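Being a predicted model, the structure only gives us computed values, none of them experimental.
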Amino acid sequence: MAAEPTAHELLQKHRPTLDQALEAIRTRAYWSPHPEHPKAYGENGSLDAAAGKAAFDALLGNRLDLTDQPGIDDWVGGEVSPYGIELGVTYPHPDIDVLLPAMRAGQRAWRDAGPELRAVVCLEILKRISDRTHQFAHAVMHTSGQAFMMAFQAGGPHAQDRGLEAVAYAYAEQVRTPEQAEWTKPQGKRDPLVLTKRFTAVPRGIGLVIGCNTFPTWNGYPGLFASLATGNAVLVKPHPRAVLPLALTVRIARDVLAEAGFDPNLVALAAERPGEGIAKTLALRPEIKIIDYTGSTAFGDWLETNAHQAQVYTEKAGVNTVIVHSTDDYRGMLSNLAFSLSLYSGQMCTTPQNLLIPRDGIATDQGHKSFDEVTADLARAVDGLLGDDARANALLGAIVNPDVKARLEAAAGLGEVALASREVANPEFPGAVVRTPVIVKLDGAKPDDEAAYMSECFGPVSFAVAVDSAADAVELLRRTVREKGAMTVGAYTTDAATEQAVEEACLEEAAQLSLNLTGGVYVNQTAAFSDFHGSGGNPAANAALTDSAFVASRFRMVEVRREA
């Protein structure tokens, strides 16, 4: 009973936001309750830039307090920022035989709270995360290597939007069925058959969120909040190089749950020792009924093959393709592509890798351009964008791990280099590894070249692939998506038949398509409440962020019938 006033306050506070989110996913129009500009923070309990930085600094070298989490048997850490700073934060290591039963204990009350109260509790968690966006921005920056502004926006408001979007879909699916119904079946001259039926959204069990290194919050929040909003407890297993943002999330969630009268163990953290590989152990536990994973294809395939007791949602690797056939804004096309290739050093699952260009060249508003001219002009556009080191650092961020750096260095040996990568010094963080993109020219007709462009090369590496015709480009696109998957597809064409062929290929192979982007919207960016991230229909991912299918299997509708 003590939780009722808090529940009422949460409903009063957050129901309008939930209603706006429900309307946004219905209309797909632009909407966000989370400001993108850093100066928007600092009032109504939110941290401004200085306070957020101070809050982040206070974490360094200390133990992140989750001492009330059951089953702590050790404290682990070891994160090193891609900018060269040792974070020195330590986190609780779980005894899972103790922690998992404790997490299940609070699920009955959380289930019985109902979809609306669960939704507004989730919105309160997101509001408190939003208030600390400046602190989260530094945490994301120093675990992912994103430049500060990208870490602020993608790791803050955009991630929070994705979490809220998941809550809205979860709520909508749960309330599709009424809580109670009176059922009457006429029996002619006899009395009718009358039943009272009650329907309850029942959670599957414990959800496991396996975090990624590059976008710990943006990729982590949809699964976390979709599972929590549908009544499940959630165990968060961060990537060992990116624990801090998700650990802060868990701490806030536990505080809000406790204050709202629920068991804080509905959300818990599972940090691991170096090389422990705890994700595999957790993934096969019978208590784990939902798994959300972003990362390598190999482990995603392993989860789908082996975690039979769980509903598994994966976002894996793909080979993203852009067809460059023709354009009526050559300069705008080059500028748009240059930004897309450079943002966060290409360390996004949506960054274009293969640029399919006719070997005879393309038609443009500046006249015919040969294959070599297009690649040379694109190289100059990237050089122009990143020629100033300060701007380059603001766009590129830092290379997230040594594997990306090794792939970048090896790419130059795969073909003729149209744009060589260069080192960029970061005066503020001398230990940061910053590199500009490399563009390598390959021939789509050569089997040796195919081995390169038909494999994902995650990082700032792109291939300009010469093809015989638009039809060949569309066929190669189709084959790439079918065999390797793609999170994004782009195309530039002024020809209606080519545009239709590309669109049809993407519809048949279930790939998200962007056409003729020349302004401030880029193929590797998606907007919550409007754009779908992935489709779930090709090998790059078995789920989309976010749609009804992403939430509906996280609960089951259970019916109790009584004679009236």
Side-chain angles (χ1 to χ4, degrees), residues 14 17-18 21-22 24-26 34 103 107 110-111 113-127 129 158-177 201-212 215-238 246 249-250 252-253 256-257 262 266-268 283 288-294 300 303 307 310-315 526 528-536 541-557:
H14 294 301
T17 302
L18 178 61
L22 291 166
I25 63 173
R26 186 188 70 81
H34 302 114
M103 294 184 70
Q107 282 198 281
W110 186 236
R111 177 202 70 198
E116 185 180 46
L117 183 52
R118 285 197 297 269
V120 296
V121 170
C122 287
L123 265 59
E124 177 65 18
I125 296 170
L126 284 164
K127 173 63 170 65
I129 292 170
H158 297 171
Q160 296 152 22
D161 282 348
R162 282 297 186 194
L164 174 54
E165 181 183 37
V167 173
Y169 271 103
Y171 175 80
E173 288 304 307
Q174 290 173 97
V175 299
R176 188 180 301 278
T177 302
V202 174
R204 292 179 71 104
I206 298 175
L208 173 65
V209 174
I210 303 175
C212 69
F215 288 90
T217 55
W218 198 98
N219 279 110
Y221 283 3
L224 192 165
F225 285 100
S227 287
L228 193 61
T230 49
N232 304 278
V234 182
L235 180 59
V236 178
K237 204 297 292 182
L246 290 178
T249 301
V250 168
I252 291 171
V256 171
L257 286 163
F262 297 102
L266 288 165
V267 178
I288 300 297
K289 298 299 185 182
I290 305 164
I291 298 174
D292 288 276
Y293 168 75
T294 300
L303 288 169
Q311 178 74 35
V312 179
Y313 301 91
T314 60
E315 182 193 307
T526 59
F529 310 108
S530 187
D531 295 322
F532 293 109
H533 177 73
S535 70
N542 73 0
L545 303 180
T546 304
D547 62 5
S548 297
F550 185 70
V551 301
S553 288
R554 296 172 191 264
F555 68 95
R556 287 291 180 260
M557 199 59 70

Any side-chain heavy-atom pair from [X] and [Y] closer than 4.5 angstrom?
| X | Y | answer |
| --- | --- | --- |
| I25 | Y169 | yes |
| T230 | Y171 | no |
| F555 | R204 | no |
| F532 | L545 | no |
| Q107 | L266 | yes |
| V236 | I210 | no |
| V267 | F262 | no |

If you take all heavy atoms of [X] and [Y], which pair is closest and at what distance?
| X | Y | answer |
| --- | --- | --- |
| A201 | R111 | O-CG, 3.8 Å |
| A226 | V551 | CB-CG1, 3.9 Å |
| L246 | P216 | CD2-O, 3.4 Å |
| S548 | E173 | OG-OE2, 3.1 Å |
| L123 | L164 | CD1-CD1, 3.5 Å |
| A119 | L18 | CB-CD2, 4.0 Å |

Expected output: side-chain [X] to main-chain [Y] donor-acceptor under 3.5 Å:
| X | Y | answer |
| --- | --- | --- |
| R118 | W110 | yes |
| N232 | I206 | no |
| Q311 | I290 | no |
| N542 | G536 | no |
| E315 | Y293 | no |
| S227 | L224 | no |
| Q174 | A229 | yes |

Taking atom [atom1] of [X] and atom [atom2] of [Y], what is their separation to the nearest 0.5 Å?
| X | Y | atom1 | atom2 | answer |
| --- | --- | --- | --- | --- |
| H14 | I125 | NE2 | CD1 | 9.5 Å |
| H34 | I129 | NE2 | CD1 | 9.0 Å |
| D531 | E165 | CG | CD | 9.0 Å |

SB check K127 E124 (cutoff 4.0 Å): no
Do R162 and T526 pair up side chain to side chain, a donor and an acceptor below 3.5 Å, judged on atom types alone?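 Checked: R162/T526 side chains pair up, N/O donor to acceptor below 3.5 Å.
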Would you sort out whether T546 and F529 count as a side-chain contact (heavy atoms from CB on, under 4.5 Å), showing the intermediate values? CA-CA 8 Å; T546 304; F529 310 108; over 6 Å; no
Start with the C-alpha gap between Y221 and V209, add the side-chain angles, then the distance that decides, and say whether side-chain contact (heavy atoms from CB on, under 4.5 Å) holds. CA-CA 9 Å; Y221 283 3; V209 174; over 6 Å; no
Whether R554 engages the ring of Y313 as a cation-pi pair (distance to the six-membered ring centre under 6.0 angstrom, angle to the ring normal within 45°) should be assessed. yes
Are T314 and D292 close enough, and set up right, to give a side-chain contact (heavy atoms from CB on, under 4.5 Å), and what steps lead you there? CA-CA 6 Å; T314 60; D292 288 276; over 6 Å; no
